[in-house]
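Notes follow once the structure below has been shown.
Just so you know, ligand 1 is whichever comes first in the structure, and atom 1 is the first atom listed for that ligand. All of these numbers come straight from a predicted model, not from anything done at the bench.
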Amino acid sequence: MAEIAEPTHDSTSPRRPSGRKRDLHSMSHSAVAELMESLGQPKFRVKQVEEWVWEKNVSSFDQMTNLPKTLRQSLAEVCTLGGVEEVAAQVSTDGSKKYLLRFPDGVGVECVGMPTKNRLAVCASTQAGCGMGCAFCATGQSGLKRSLTAGEIYEQVMHVRDDFNTRVTSVVLMGQGEPFMNYDNTLAALRKLNSPEGAGIGARHLTVSTCGVIPMILRFANEPEQFSRAVSLHSAVQKTRDALMPGVKKYSLVHLYDAMGEYVDKTGRRPTYEYALIKGVNDSDEELRYLCDFCRDTLAHVNIIKLNAIPGSRFQPASDERANDFVRYLSNVGVEATIRNSRGADIDAACGQLSQKILG
Ligand code: SAH
Ligand code: SF4
């Protein structure tokens, strides 16, 4: 498994010591202000630049027509505007649309737009591939290519917004990759999505899903924003979980239980667990009993997910009947549980499936 990512470049600094250009999408409001000041610009230019970047999502500095030409040139010398390209897209019968996007270095990631009446939820990736190796996950099978920058995470959201031509009301970081193995960039992207100068999405509508990287769960609980989070549990039996999720084997379920208790104490938020029901693997009565014990009296909410079958995989989804049994038994012991609507099942919505099909 990959090591926990070292903190990457400081997203608050406008220029990097190396002299490499910074992606404007990654820069905080104060970093843009600092940059404009260093270029001798008046304060109102900060808002103008941010409008071009966030609201209009322009792809070149020349499109920033209300800026003087000299300023556009200076910006182009020190910054970039990302440059994501759509390689493929699939539309589901339920209206959700999945995109395969490619960054300038050729690395591809997936994201999904899920529209409902007056709302647009975006599912974005935090890494290209994933090093955690979960046995049931298409992304996990292909390994980690690289982590994404904050700007690249943000660009996916803007791409979907522009395509649907509507405001994004929520973002879930449940695409490819493990957000907590790319902590700094994920946090910077969340902050940009949350900030009024960025997408302006309320922190509670920004959700991170982690496979359970405990040191980062604890660190995240100390961040001042009330971002939402989900933990992929998939089994409350150590042996089963170790086999399904080898990347988090070193963090035991006891550790996870304690960390989530600490999270509840700190944030007052309910822990949400994801549980993809896999036939003959984690859907037995014994698994259900352990799950009930893990969640009982903890305020936990469990999302029972129908496994997306990956072609050639030995894992198959459990029956709907079994999913109903799980929900019923959990509620009998006072644990709230819902069967999560697996949207876009017909468009390879399980993370990593589209890119595997197209990029190999
Ligand atoms: N790495 C993070 C977030 C990305 S995965 C995590 O694991 O939580 C997003 C969610 O999709 C996780 O809950 C993951 O367990 C789930 N998932 C992965 N492969 C799946 C599949 N084949 N069917 C259903 N859910 C799957
Ligand atoms: Fe990575 Fe999440 Fe897939 Fe596991 S389920 S391999 S952590 S993306």
Side-chain angles (χ1 to χ4, degrees), residues 1-2 4-5 98 109-112 114 121-148 153 156 171-183 186 189-190 206-214 216-217 220 228-235 240-251 256 260 271-279 281-283 301-318 323 339-357:
M1 111 185 206
I4 290 178
K98 179 164 189 162
V109 293
E110 295 174 13
C111 57
V112 185
M114 296 168 285
V122 176
C123 175
S125 296
T126 54
Q127 297 183 307
C130 185
M132 307 308 278
C134 299
F136 51 85
C137 172
T139 308
Q141 297 314 297
S142 58
L144 177 68
K145 290 189 189 78
R146 70 166 170 86
S147 284
L148 302 185
I153 299 169
Q156 298 167 57
V171 175
V172 289
L173 298 181
M174 287 193 181
Q176 292 172 277
E178 169 48 45
F180 284 174
M181 296 300 275
N182 184 21
Y183 190 91
T186 295
L190 287 171
L206 298 170
T207 304
V208 179
S209 176
T210 177
C211 60
V213 183
I214 288 173
M216 298 303 159
I217 290 180
F220 201 63
S228 296
R229 99 189 46 196
V231 173
S232 298
L233 185 62
H234 302 314
S235 177
T240 312
R241 195 166 193 265
D242 288 351
L244 287 175
M245 305 174 74
V248 279
K249 218 169 164 175
K250 69 176 173 192
Y251 307 117
L256 181 63
M260 292 310 285
T272 298
Y273 294 115
E274 309 291 330
Y275 198 106
L277 262 191
I278 311 174
K279 195 179 187 170
V281 175
N282 63 0
D283 67 340
H301 181 105
V302 180
N303 281 324
I304 302 291
I305 309 165
K306 194 161 181 178
L307 184 83
N308 273 304
I310 299 164
S313 164
R314 66 199 150 101
F315 297 114
Q316 293 304 315
I339 297 177
R340 205 174 73 190
N341 220 345
S342 174
R343 294 197 62 184
D346 56 328
I347 55 164
D348 304 327
C351 60
Q353 275 181 260
L354 180 62
S355 64
Q356 267 201 351
K357 210 186 247 179

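Residue-level proximity to ligand 1 for M132 is absent, since no heavy atom of it falls below 4.0 angstrom.
Atom 3 (Fe) of ligand 2 has an N, O or S atom of C137 inside 2.8 Å of it. When distances to atom 4 (Fe) of ligand 2 are checked against a cut-off of 2.8 Å, C134 contributes an N, O or S atom below that limit.
Residue contacts with ligand 1 do not include S313, since none of its heavy atoms lies under 4.0 Å from the ligand. Assignment of Q176 to the shell around ligand 1 is not supported, since no heavy atom sits closer than 4.0 Å. At least one heavy atom of G175 lies less than 4.0 angstrom from ligand 1.
The distance from ligand 2 to the heavy atoms of C211 drops below 4.0 Å at these ligand atoms: 7 (S).
In terms of polar-atom proximity, defined here as any N/O pair under 3.5 Å, K306 makes no such contact with ligand 1. The shortest N/O to N/O separation between G177 and ligand 1 falls below 3.5 Å. Checked against a 3.5 angstrom limit, the closest N/O atoms of E274 and ligand 1 fall outside it. At a 3.5 angstrom cut-off on N or O pairs, F136 counts as close to ligand 1.
By the 4.5 Å heavy-atom criterion applied to side chains, Y273 and H234 are not counted as neighbours.
Of the candidates T210, I217, L173, L206, R229 forms a side-chain contact (heavy atoms from CB on, under 4.5 Å) with just one, namely I217.
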